[in-house]
Amino acid sequence: MFDLQGLTFGIVLISIGVVFLKSAGLVTGQTAGIALLLSYVLPLGFGPLFFLIGIPFLILAWVKRGPDFALRTVVVVAGVSLMSEVFGRTMGFDRLDPPIAALLGGACSGVGLVAAFRHNASAGGMTIVGILLEQKTGFKAGWFQLAVDALVFLASALVLTPSQLLFSVLGALITNFAVIWNFDVAQSATGRPGYGRAAASAPRSDQLRDGRPRGSRS
């Protein structure tokens, strides 16, 4: 239940972030950005495209990080694919300026990704590669995602207006810096206190004297 609530929280926030961005005609980075970009030019919605693009990466996740990580990632990818479609049809905005959409969309997506990462999952696609890279080399997943985003936005320049592209980049920066500042690969598989780091061991009974660790000062 602990991991279920964490993954659910991540799915909801990532999906809301997608709705903010798409409602303002913006894109984000990673696989979600590719799916959003294609949804503007193909007769398929974001949800189906996001799921289809992620399939090869899910196979990679299974091979490199095992079935637990892969199955949780399937849950996140399927959840985002479904909930982004549901939210897109049930949420509407009389006015949503691109700067606000970039801020809210980027923040929601970033916090949602951190939640998924901490509970041993990812949002599929290049986020899987980012986690694997950080685990193997220590290179931060958020920095890797920024590099991938740069390529996505180069392609987006063919479809978006300069202002849409500018605010899309702003949203992606917010998302990735949320990951860089709030997630370390040591936190993967736990959102519990301690965040995956070794907890300080409790003092043994032979170390205690008068209710205090031996050697402590009053």
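FYI, the numbering just counts along the sequence from 1. Everything numeric in this text was worked out from a predicted model, so none of it was measured. When reading the values below, keep in mind they use all heavy atoms of this one structure, side chains included, and skip hydrogens, waters and symmetry mates.
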Just jot down the side-chain hydrogen bond (donor to acceptor under 3.5 Å, both in side chains) partners of [X], sequence neighbours excluded, or say none.
| X | result |
| --- | --- |
| Glu85 | none |
| Asp97 | Arg95 |
| Arg89 | none |
| Ser163 | Thr161 |

Worksheet item: Where the side chain of Gln164 meets the backbone of Gly25, is there a donor-acceptor pair that is under 3.5 Å apart?
Response: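 Checked: pair present.
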
Worksheet item: Judged by atom type as modelled, is there a donor-acceptor pair below 3.5 Å linking the side chain of Gln5 to the main-chain atoms of Phe2?
Response: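 Indeed, once roles are kept as given, a pair shorter than 3.5 Å links the two residues.
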
Which pair of heavy atoms, one from [X] and one from [Y], lies closest together, and at what distance?
| X | Y | value |
| --- | --- | --- |
| Ala102 | Phe167 | CB-O, 3.2 Å |
| Leu96 | Ser23 | CD2-CB, 3.8 Å |
| Ala24 | Pro98 | CB-CA, 4.3 Å |
| Gly88 | Val19 | N-CG2, 3.8 Å |

Discussion item. Would you compute the distance between atom CG of Leu166 and atom CG of Leu26 and round it to the nearest 0.5 angstrom?
Written reply: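 So the CG of Leu166 and the CG of Leu26 are separated by 9.5 Å.
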
Worksheet item: CZ of Phe51 to CG of Leu82: how many Å apart, nearest 0.5 Å?
Response: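 Between atom CZ of Phe51 and atom CG of Leu82 there are 11.0 Å.
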
Discussion item. Test side-chain hydrogen bond (donor to acceptor under 3.5 Å, both in side chains) on Asn120 and Asp3; report intermediate values, then the result.
Written reply: CA-CA 9 Å; Asn120 198 27; Asp3 287 325; over 6 Å; no

Worksheet item: If we ignore angles and hydrogens, is there a donor and acceptor under 3.5 Å between the side chains of Arg118 and Asn182?
Response: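 No.
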
Discussion item. Between Phe57 and Trp62, is the ring centroid distance below 6.0 Å?
Written reply: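 No, the ring of Phe57 stays outside the 6.0 Å limit from the ring of Trp62, centre to centre.
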
Worksheet item: Between Phe9 and His119, does the ring centroid distance fall short of 6.0 Å?
Response: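 Phe9 vs His119: aromatic centres not under 6.0 Å.
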
Discussion item. Show every side-chain hydrogen bond (donor to acceptor under 3.5 Å, both in side chains) that has at least one partner inside residues 168-179, sequence neighbours left out.
Written reply: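 Listed by first then second residue: Gln145-Asn176, Asp149-Asn176.
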
Worksheet item: Transitive ILVMFWY cluster of Leu151 at side-chain heavy atoms under 4.5 Å: who else is in it?
Response: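 Traced through the cluster, Leu151 reaches Leu154.
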
